[in-house]
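Following: one structure in structure tokens, then a few remarks.
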Amino acid sequence: ISKLPYKTVATSSGLGWIGRSALFVCEEYGSAVCLSSILTDMPLKTGQAITDSFCDECEDCQKACPVDAINPTKWNSRLS
């Protein structure tokens, strides 16, 4: 278990959001991504932090799940 959650790093960097399935989702590749992090003191340009899900009213993954395992609650950065 990482002490630095990659999904938190990715959303804080503006790379994407957390979907209803609790997977990290980016606009270009959806949830088909593998995350990793590098810590550095090098100045790098980052995007605007994403603090709310872009899923909005979409429930496609929730409806497609055969065992109803996907949470209907929309993610935001204030959820633990």
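The structure presented is a predicted model; accordingly, all values stated were derived computationally and were not measured. Computation of the quantities below employed the complete heavy-atom set of this structure, encompassing side-chain atoms and omitting hydrogens, waters and symmetry-equivalent molecules.
- Residues passing the side-chain contact (heavy atoms from CB on, under 4.5 Å) test with Asn71, sequence neighbours excluded: Thr73.
- Pairing each heavy atom of Ser53 with each of Ile18, the nearest pair is OG-O, 3.6 Å.
- No chain of hydrophobic side-chain contacts below 4.5 Å, direct or via other Ile, Leu, Val, Met, Phe, Trp or Tyr residues, connects Leu35 to Leu23.
- The distance from the CD atom of Gln48 to the OG atom of Ser13 is 11.5 Å, given to the nearest 0.5 Å.
- For the ring-ring contact (aromatic ring centres under 6.0 Å, His included) test, residues two or more places apart in sequence or in another chain that qualify with Trp17 are Phe54.
- Atom CG of Leu15 and atom OG1 of Thr46 lie 9.0 Å apart (nearest 0.5 Å).
- Pairs of residues two or more places apart, or lying in two chains, that qualify as salt bridge (charged side-chain N to carboxylate O under 4.0 Å, His left out) and include a residue from residues 37-54 are Asp52-Arg78.
- Annotation: salt bridge (Lys or Arg N to Asp or Glu O under 4.0 Å) contacts of Asp60 (sequence neighbours excluded): none.
- In this structure Thr40 satisfies the side-chain contact (heavy atoms from CB on, under 4.5 Å) test together with Met42, Leu44, sequence neighbours excluded.
- Qualifying side-chain contact (heavy atoms from CB on, under 4.5 Å) partners for Ser37, counting only residues two or more places apart in sequence or in other chains: Leu4, Tyr6, Val9.
- Evaluation of the salt bridge (charged side-chain N to carboxylate O under 4.0 Å, His left out) test over residues 21-40, restricted to residues two or more places apart or in two chains, returns none.
- Heavy atoms only, all atoms of each residue included: Gly19 and Cys55 are closest at CA-SG, 3.8 Å.
- Evaluation of the side-chain contact (heavy atoms from CB on, under 4.5 Å) rule for Ile70 yields Arg20, Ser21, Cys61, Gln62, Cys65 as partners, not counting sequence neighbours.
- By the salt bridge (Lys or Arg N to Asp or Glu O under 4.0 Å) test, Lys74 pairs with Asp56, sequence neighbours left out.
- The minimum heavy-atom distance between Ala10 and Phe24, with the atom names listed, is CB-CE1, 3.4 Å.
- Taking both residues in full, the closest heavy atoms of Val33 and Cys26 are given as CG1-SG, 3.6 Å, listed atom of the first, atom of the second, then distance.
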